[in-house]
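Everything on this sheet refers to the single structure shown next.
If you're wondering where the values come from, they're calculated on a predicted model, not measured in any experiment. Below, chain A is the first sequence line, B the second, and so on; all start at residue 1.
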Protein chains: 2
Amino acid sequence: MATIKDVAQKSGVSVATVSRVLNEKGYVHEETRAKVVQAIQQLNYSPNEVARSLFKRESRLVGLLLPDITNPFFPELARGVEDELQKQGFRLLFGNSDEDPVKEQAYIHTFLQNQVVGLISATQASKELNDKPPALPTVLLDRTHDGSYTVYADGKEGGRIAARELIKRGSHKVTVLKGPSHIQPVQDRFQGAMEVLGNSNVDFHVIHTTSFTYEEAEQRAKELFSCYATTDGIIASNDITAAAVLHEALRIGKSIPEEVQIIGFDDIPLSRLLFPSLSTIRQPAYEMGSQAAQLLLKLIKKEQVTAQHIQLPVTFVERNTTRKVKEHG
Amino acid sequence: MATIKDVAQKSGVSVATVSRVLNEKGYVHEETRAKVVQAIQQLNYSPNEVARSLFKRESRLVGLLLPDITNPFFPELARGVEDELQKQGFRLLFGNSDEDPVKEQAYIHTFLQNQVVGLISATQASKELNDKPPALPTVLLDRTHDGSYTVYADGKEGGRIAARELIKRGSHKVTVLKGPSHIQPVQDRFQGAMEVLGNSNVDFHVIHTTSFTYEEAEQRAKELFSCYATTDGIIASNDITAAAVLHEALRIGKSIPEEVQIIGFDDIPLSRLLFPSLSTIRQPAYEMGSQAAQLLLKLIKKEQVTAQHIQLPVTFVERNTTRKVKEHG
DNA sequence: TCTCTATATGTAACCGTTTACACATAATTT
DNA sequence: AAATTATGTGTAAACGGTTACATATAGAGA
């Protein structure tokens with residue numbers, strides 16, 4: 001690999017001058033610039049980012065911390081983040097935390113050691129961040145937290161919508177599957193659904209799940225249909241869970257959506273592939289990632305940011321696990 | 001952030017000594033070490049990876065290049081890679097290429113600028129790699145290439161198995177959906193299926209797809225059932241395509257697997273969630289990622305590697321889009 | 001003409017590590 | 001006792017960039 005010294009030598013100038021043409025900063029005579037540019041091309045030189053980072057005390061890397069890329073909601077987020085960052089010349093240092101605080105800290109620590117310019121985290125990554133006074137620019141994704149910059153979808157409204165749609169479409173005995181309660185957005189969804197359900201006159205009950213694994217969802221689905229055989233509407237904590245419920249419902253011969261309606265949450269790519277395709281509350285995952293990246297970029301560049309919290313709207317995606325509502329009922 | 005100098009000062013020794021205790025290299029008196037360790041703890045010091053990388057001329061970062069993390073096959077791969085690397089203290093620099101050579105080169109270039117120790121690529125990343133004589137340790141994942149280290153699944157055998165299983169289960173008019181032909185493993189699958197189909201006495205025909213998007217798959221599925229209404233067995237190019245076909249088949253009222261059998265490829269998490277759940281040829285994606293990481297680690301450490309190419313077996317996952325084969329036919 | 005400023009370039013310090021080398025002392029050999 | 005060898009530590013030069021500062025020339029304004 002050629003270094004800046006090689007370029008300086010070849011073009012007969014000092015390294016300072018080369019650096020100036022590289023960074024288009026300070027005065028450089030046009031002829032000199034031409035010579036330098038030529039030398040750069042001949043040597044196929046490109047600057048060493050590591051040396052640059054060392055001096056500047058920051059890299060062009062951004063840390064991205066996710067719970068688990070294997071959960072189909074997160075690739076969309078990640079893609080949104082990446083595409084936006086990539087456009088502006090930043091790269092991603094990536095880690096899965098599995099919601100494990102130890103892993104999480106370990107990743108943040110190495111991110112810091114690698115002098116990332118910023119961090120986007122879809123985990124509870126709170127501690128390390130708020131401790132350090134010369135804090136790393138950070139955006140929380142799909143999480144809320146007063147003191148931080150955040151980008152998230154309106155989970156509470158999502159929960160409300162889900163409940164309303166189910167009621168509107170004639171469900172009378174609703175089951176709500178509540179996800180792991182330590183995850184903030186999950187709580188919100190649940191609260192929203194409770195709010196509407198509580199103000200309605202339908203029966204409802206709640207089944208609690210402790211993870212987002214398909215295995216557990218399968219288990220809960222079986223319970224659901226054996227304990228509450230007359231349930232005719234299900235609000236799942238996310239689409240994976242909804243898929244498990246749907247699968248089990250079909251397996252035991254329920255007709256969907258005639259006997260049982262199901263609404264999921266997230267609108268992961270899988271949802272439309274199910275049969276019947278899954279009605280769900282859509283979170284604009286890609287958009288969320290993209291917004292988070294844009295916000296972070298502003299923080300990094302110390303540009304004016306108008307909002308500390310960006311809440312994106314959720315929408316009801318009507319597919320075929322809910323009944324059609326007749327016009328002018 | 002405290003530096004090694006701060007630690008040296010606080011513990012009353014030189015930076016060289018601190019470096020020695022940090023790296024457990026060279027002689028350090030036990031008492032001195034204790035003093036240094038204490039200073040490190042008091043200052044909450046941890047070494048700057050960037051400075052270290054600069055001097056060593058290599059970082060502890062590994063580049064991971066994927067076509068598109070949004071395609072559900074790749075998160076599993078990525079997770080396999082990450083988990084293995086993470087254990088050994090390496091971090092991931094991550095990029096999606098969208099199979100676009102320009103993006104691909106751009107990523108490899110910045111990986112190089114950041115002095116990654118190695119590269120794992122699930123794209124055609126050939127050029128830049130083989131050009132450079134002081135080559136970056138590289139492992140190709142899910143791709144084959146004679147001159148490189150590779151980890152991949154036995155696609156050809158997968159194709160054969162798919163065809164055999166379909167025939168064994170009584171399909172007489174098989175349709176093969178052939179994926180984008182510039183992607184090597186896709187070709188292999190196709191070749192394998194052709195081999196078995198060609199030596200059998202079933203009718204078959206081929207429909208060509210140019211992408212792995214669900215939208216195109218949907219389109220092709222419609223074509224399939226309108227042009228070849230009597231098809232009773234379908235080999236899809238991957239599980240996404242298979243899902244689209246299944247969806248369309250159900251929509252037009254075919255009974256699965258009685259009238260039509262379907263076999264996918266990959267066994268992505270979605271596959272078991274479909275209804276009927278999808279029979280498919282499983283690639284051990286996580287394992288592939290993990291193996292690739294292990295191989296790369298060996299290359300990096302210049303350990304003896306026994307095999308340049310690691311081919312992992314595929315397996316038939318029997319679910320419910322294929323008929324049961326009766327014992328003792 | 002003299003000063004001031006804009007243009008152009010080089011020198012050297014610095015970013016935070018690692019390590020070759022020098023040096024000193026203690027423990028072993030011979 | 002002399003010669004090795006092992007142990008322990010510091011000095012300073014890298015690594016490959018950036019930039020403050022010094023210096024020099026040319027044109028502009030007084």
So which one's nearest nucleotide on DNA chain D is more toward 5', G12(B) or T17(A)? G12(B)

For the pair Q115(A) (side chain) and S53(A) (backbone), establish whether a donor and an acceptor sit closer than 3.5 Å, ignoring hydrogens and angles. yes

Between dT7(C), dG16(D), dG10(C), which nucleotide gets closest to the side-chain atoms of V13(A)? dG10(C)

Cation-pi check, R91(A) to Y107(B): give yes when NZ or CZ is under 6.0 Å from the six-membered ring centre and within 45° of the ring axis, no otherwise. yes

Of the nucleotides dT17(C), dC15(D), dT11(D), which has the atom closest to the K5(A) side chain? dC15(D)

Return the nearest nucleotide to the side chain of V28(B); candidates are dG16(D), dT17(C), dT9(D). dT9(D)

Which is more 5' along DNA chain C, the nucleotide nearest R20(B) or the one nearest A51(B)? Just name the residue. A51(B)

Value in whole Å for how far the P atom of dT9(D) lies from CD of E30(B): 10 Å

Which nucleotide in dG10(C), dT17(C), dG17(D) has an atom nearest any side-chain atom of A16(A): dG10(C)

F55(A) side chain: which of dT19(D), dT18(C), dT9(C) is closest? dT19(D)

R57(A) CZ - dG16(C) C1' separation (whole Å): 10 Å

Using a cut-off of 4.0 Å on non-hydrogen atoms, how would the nucleic acid contact of S19(A) be classed: base, sugar-phosphate, or nothing? base

